[in-house]
Amino acid sequence: MDTAASRGSCQTPANPCYGATDQPHVSPLQLQNFHRQNRLCCRGEFPLSERPSVVLHVLTESRLEPRDLARLEATCSFFKKSANFLPDKTLSLPELAALDMCQKRTIFKSMSSEEKEAFKQRCGGSWKLVLYVLKAGELCYRREKCQAIAGPGHSVVVTGKGAVYTFGSNSFGQLGHGNGTVEEEWHPRLVKSLYGIRIIQAAAGVGRTMLISDSGQVYAMGKDSFSDPEHGGTDSKSVSTPHLVESLNGIFIVQADIGHFFTAVLSREGRVYTFSWGSDAKLCHQTEPQDQVPQLLKGDLEHLPVVQIAAGYCFLLALTCQASGMSVYSVGCGLGGKLGHGASTDEQYPRMIKHFQQLKLQPITVAAGAWHAAVVGQDGRVCTWGWGRDGCLGHGNEDSAELPRVVEALHTVKAVHVATGDYTTFVVADNGDVYSFGCGQSSSLGHVRTSTEGQARRRANLLRPELVVALKERKERVVQISLTNSVTWNAHTLALTDSGRLYAFGAGNKGQLGIELLDNERERENPEPVDINLD
């Protein structure tokens, strides 16, 4: 086969004046365009078309982003044509590379062929879009990586190998150590009954813990209700050992989040299900508080892949991922403007927050506090909205905001992660620095003051973001922050670093920091290392 012909449109047309003594002048712009046209072309002894299997291997192992794979197809016909490889000979090399990278994801490779094809159609009909959705979900909540959850009075830590440690309050058996024990744990303790089960995500609520396994099963421990104890009634039962949530059998779950009146779960296909709080159709369905049956969240989200959910006190946020970009939807109670639509009205069906388009901000992760919400954009900007009490929105005042508003005090910071609690917000920058603002109660903001400033200053509210110097002095790069999201418990905060170290500060009177306190102590303002192995 003729080598030049085999290169297709990647072969640059020969210059008819090449080798002539009187060559036409070539401008720098023309030269730049010439190199741009040729940057994907191989010459000499290794033309692309003669080694497509090697090219596929390089594309896969290079772990290119889906948008980069799409650019290859748009740039060169060699990457656009069918590669004639199994399992689908009609797919291009970038499509095959995307499929190969999808196959390496735990939640994807367990799908049947029919389920994979249905998922591809739901994502937009391309394996590159499927990869885009999967990677977006991994970014949002550290799927299949170690993570720490600061619940109301107790903490949950998932190691990189999927083991689970719990500590803190155990009034409902939410720590999961069995034997009906309700004793507090002041140090991280392994949940031994989960031996052989790899956990990839956790959620914590008042008196309740939920765990997601790599096989999509959901385990719960603590109170046997999907809403707050006061709504569960006096007949609420509790379990002290992780038990399977049987009503979710047949639905592969990848994330759970616990609000005050309800619980929400997300399936691997990107569908959202909710439990409880449907008696007045707050979440598109009519159910009783004790209902154990999941209800599909209806409306626009039925047809869109959701990659992250975030449950507040009485509202829910959902982050969707499409070829056109990512969007945030909200549903539930709108008091204080926390749904982000410019009003304080309730929404019974998920509604897209359109204001991000005006801000030209592409959301990549969301967080729902008790009464406010936050988003990180692809460009690193942070937006907040909802109740502004104690300065939790970071705008320099306590005013509420009914539309998402950029936190201008963070204009020099490129954020990658945001966490919200009860009138408190934390932001993690791309360099690992941590900023906090809002309610300073329980010393949960992490700002250590000098002794001359006294306790009053230590508990002061912050109306604008401040660098958490005490964490920076640890010379660690923080990758995740979790803080208590409850109106009934004093807050504590957990900070996870890229080296696998865990730090805790804030309220610790129930053992939720994982460290011993002195007899007269109820909290710890300085971030303290927790003795736990996260490998």
Side-chain angles (χ1 to χ4, degrees), residues 141-143 146-159 163-177 182 184-185 188-191 194 199-213 218-229 232 236 238-243 245 253 255-266 275-276 308-313 316 367-370 419-422 424 426 442 444 480-496 502 504 506-514 530 532:
Y141 51 91
R142 296 184 61 78
R143 182 192 297 160
C146 59
Q147 56 187 264
I149 308 297
H154 73 289
S155 299
V156 185
V157 177
V158 180
T159 71
V164 177
Y165 290 81
T166 58
F167 44 100
S169 174
N170 196 30
S171 54
F172 288 89
Q174 62 264 38
L175 300 186
H177 299 303
V182 292
E184 299 165 357
E185 290 288 343
R189 180 179 173 185
L190 178 68
V191 182
L194 292 171
I199 300 300
I200 62 172
Q201 200 263 333
V206 177
R208 185 171 176 82
T209 302
M210 297 182 72
L211 306 170
I212 314 298
S213 75
V218 180
Y219 296 84
M221 50 218 197
K223 67 184 184 68
D224 193 19
S225 174
F226 289 99
S227 61
D228 187 85
S236 290
S238 61
V239 290
S240 61
T241 302
H243 71 283
V245 180
I253 301 299
Q255 188 199 356
D257 207 5
I258 302 173
H260 186 77
F261 295 101
F262 67 98
T263 296
V265 294
L266 175 66
F275 296 85
S276 191
Q308 183 196 6
I309 53 175
Y313 185 83
L316 178 69
T420 50
D422 181 23
T424 307
F426 277 76
S442 304
S444 61
Q480 185 215 353
I481 288 283
S482 178
L483 62 152
T484 306
N485 190 10
S486 170
V487 300
T488 57
W489 283 83
N490 289 332
H492 72 288
T493 305
L494 301 178
L496 181 65
L502 181 66
N509 58 308
K510 295 293 184 180
Q512 61 265 51
L513 298 182
V530 182
I532 186 173

Using atom types as modelled and distance alone, determine if a side-chain donor or acceptor of [X] lies under 3.5 Å from a backbone N or O of [Y].
X	Y	value
Thr209	Gln174	yes
Arg208	Lys223	yes
Gln147	Val156	no
Gln255	Gln201	no
Ser155	Ala150	no
Asn485	Ala368	yes

Atom [atom1] in [X], atom [atom2] in [Y]: separation rounded to 0.5 Å?
X	Y	atom1	atom2	result
Thr493	Gln512	OG1	CD	10.5 Å
His154	Phe172	NE2	CZ	11.5 Å
Leu513	Phe167	CG	CZ	8.0 Å
Leu483	Phe426	CG	CZ	6.0 Å
Thr166	Leu190	OG1	CG	8.5 Å
Ile200	Ser213	CD1	OG	7.0 Å

Close side-chain approach of Val530 to Pro188, heavy-atom, < 4.5 Å: yes
What pair of heavy atoms forms the shortest contact from [X] to [Y], and how long is it?
X	Y	result
Val265	Met210	CG1-CE, 4.5 Å
Ile199	Val158	O-CG1, 3.3 Å
Ala264	Leu316	CB-CD1, 4.0 Å
Gly369	Thr420	N-OG1, 2.9 Å
Ile149	Ser482	CA-OG, 3.5 Å
Leu494	Ala504	CD2-CB, 3.6 Å

side-chain hydrogen bond (donor to acceptor under 3.5 Å, both in side chains) against Thr484, all qualifying residues, sequence neighbours excluded: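 Residues passing side-chain hydrogen bond (donor to acceptor under 3.5 Å, both in side chains) with Thr484: His492.
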So, using salt bridge (Lys or Arg N to Asp or Glu O under 4.0 Å) as the criterion, who are the partners of Arg189 when residues are at least two apart? Glu185
Parallel, tilted or perpendicular: which one describes the rings of His260 and Tyr313, with boundaries at 30° and 60°?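 His260 vs Tyr313 ring planes: parallel.
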